[in-house]
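In listed order, ligands and their atoms are each counted from 1.
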Amino acid sequence: MTVLDQLFDAARTAMAKTHSPYSKFPVGAAILTEEGKIFTGANIEVVSFPEGWCAETTALSHYVMGGGGRITDICVTAEKLDECTPCGGCRQRLAEFAPADARVHLTDQRGITKTISMAELLPLGFKTEILSQ
Ligand code: THU
């Protein structure tokens with residue numbers, strides 16, 4: 001099994017933990033770092049709808065709390081949608097931690113079907129040094 005197969009499996013396993021009783025739209029995400037660590041997440045919804053959040057955001061929180069590292073690959077999977085792309089907010093959140101050349105893998109339920117870069121996922125994303133000085 002290749003590391004990308006493992007990443008896809010991790011995203012699918014995470015998706016099974018979704019809490020999405022309102023949309024009934026399970027999503028899973030998995031982040032791979034250079035040192036081989038995988039951090040995963042599922043979408044978590046709340047009855048007050050805007051308070052829920054995406055699978056990518058759950059995965060990023062595990063990534064941060066687990067010590068981070070250089071992100072090389074991200075995989076997003078959704079049971080009901082082939083090649084489910086991260087929402088706008090998650091693109092910005094992912095770009096906070098993933099370099100422009102990190103690979104973003106989209107899937108169907110059998111495996112990865114399309115790969116793009118972070119730069120392609122979020123062209124012209126908001127970035128400035130001023131806020132971190
Ligand atoms: N969702 C994600 O988890 N990631 C995405 O990239 C797109 C949307 C979730 C949010 C919500 O729980 C459900 O999918 C339907 O929008």
Side-chain angles (χ1 to χ4, degrees):
M1 200 188 230
T2 70
V3 69
L4 288 186
D5 291 334
Q6 285 173 28
L7 194 66
F8 171 67
D9 267 14
R12 289 247 304 166
T13 301
M15 182 170 68
K17 296 186 174 160
T18 184
H19 176 73
S20 50
Y22 310 109
S23 72
K24 297 180 173 43
F25 188 83
V27 185
I31 295 171
L32 175 68
T33 65
E34 203 167 46
E35 52 176 330
K37 286 189 186 168
I38 292 178
F39 302 98
T40 65
N43 53 330
I44 300 175
E45 297 180 350
V46 174
V47 67
S48 176
F49 296 164
E51 303 307 330
W53 63 91
C54 291
E56 296 90 329
T57 300
T58 307
L60 278 172
S61 68
H62 284 142
Y63 160 82
V64 171
M65 298 314 293
R70 188 175 199 283
I71 296 175
T72 59
D73 296 82
I74 298 162
C75 182
V76 179
T77 193
E79 198 177 277
K80 295 180 178 169
L81 180 65
D82 288 349
E83 298 184 355
C84 176
T85 50
C87 78
C90 284
R91 290 176 198 211
Q92 187 78 43
R93 289 187 196 102
L94 290 168
E96 181 75 21
F97 300 100
D101 66 352
R103 292 173 291 270
V104 179
H105 306 283
L106 310 177
T107 79
D108 61 18
Q109 287 312 289
R110 292 189 307 259
I112 291 166
T113 54
K114 184 173 185 167
T115 299
I116 58 174
S117 67
M118 257 321 291
E120 288 170 307
L121 185 70
L122 183 63
L124 302 177
F126 177 65
K127 269 212 162 99
T128 177
E129 304 300 304
I130 297 169
L131 294 178
S132 51
Q133 274 168 8

Residue pair Val27, Cys54: steps toward the side-chain contact (heavy atoms from CB on, under 4.5 Å) verdict: CA-CA 8 Å; Val27 185; Cys54 291; over 6 Å; no
Let me see the working for Leu32 and Gln6 under side-chain contact (heavy atoms from CB on, under 4.5 Å), right down to the final yes or no. CA-CA 10 Å; Leu32 175 68; Gln6 285 173 28; over 6 Å; no
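Less than 4.0 angstrom separates some heavy atom of Ser23 from each of these atoms of ligand 1: 13 (C), 15 (C). Listed by number with element, the atoms of ligand 1 under 4.0 angstrom from any heavy atom of Glu45 are 11 (C), 12 (O), 13 (C). Within the listing of ligand 1, atoms 1 (N), 2 (C), 3 (O), 4 (N), 9 (C), 14 (O) sit less than 4.0 angstrom from a heavy atom of Val27. Less than 4.0 angstrom separates some heavy atom of Cys87 from each of these atoms of ligand 1: 6 (O). Here is the list of ligand 1 atoms found below 4.0 Å of a heavy atom in Ala55: 2 (C), 3 (O).
Here Thr85 has backbone heavy atoms under 4.0 Å from ligand 1, and that is the only part of it that gets that close.
Here's the thing with Asn43: one of its N/O atoms is less than 3.5 angstrom from an N/O atom of ligand 1.
In the displayed structure, Lys17 atom NZ is contacted under 6.0 Å by at most 12 heavy atoms of other residues, nucleotides or ligands.
Screening His105, Gln109, Glu83, Arg12 for a side chain to side chain donor-acceptor pair (under 3.5 Å) involving Thr77 leaves a single residue, Gln109.
A distance of 7.0 Å separates CD1 in Ile112 from OG1 in Thr2, rounded to the nearest 0.5 Å.
Contact analysis puts Pro86 in contact with ligand 1, with a non-hydrogen atom separation below 4.0 angstrom. Within the 4.0 Å heavy-atom cutoff, Gly52 does not count among the residues contacting ligand 1.
Using modelled atom types, one finds a donor on one side chain and an acceptor on the other under 3.5 Å when comparing Arg93 with Thr57.
A donor-acceptor pair is defined here as one N or O able to donate and one able to accept, closer than 3.5 Å; such a pair exists between the side chain of Glu120 and the backbone of Ser117.
The protein heavy-atom contact nearest to atom 4 (N) of ligand 1 is Glu56 OE1, 2.9 Å. Looking at atom 8 (C) of ligand 1, its nearest protein heavy atom turns out to be Cys54 SG, 4.0 Å. What sits closest to atom 16 (O) of ligand 1 on the protein, heavy atoms only, is Phe25 CD2, 4.7 Å.
With respect to the salt-bridge test (charged N to carboxylate O, under 4.0 angstrom), the residues Arg110 and Asp82 do not qualify.
For atom 1 (N) of ligand 1, a protein heavy-atom neighbour is present inside the 4.0 Å cut-off.
With hydrophobic clusters built from ILVMFWY side chains whose heavy atoms lie under 4.5 angstrom apart, Leu60 does not share a cluster with Leu122.
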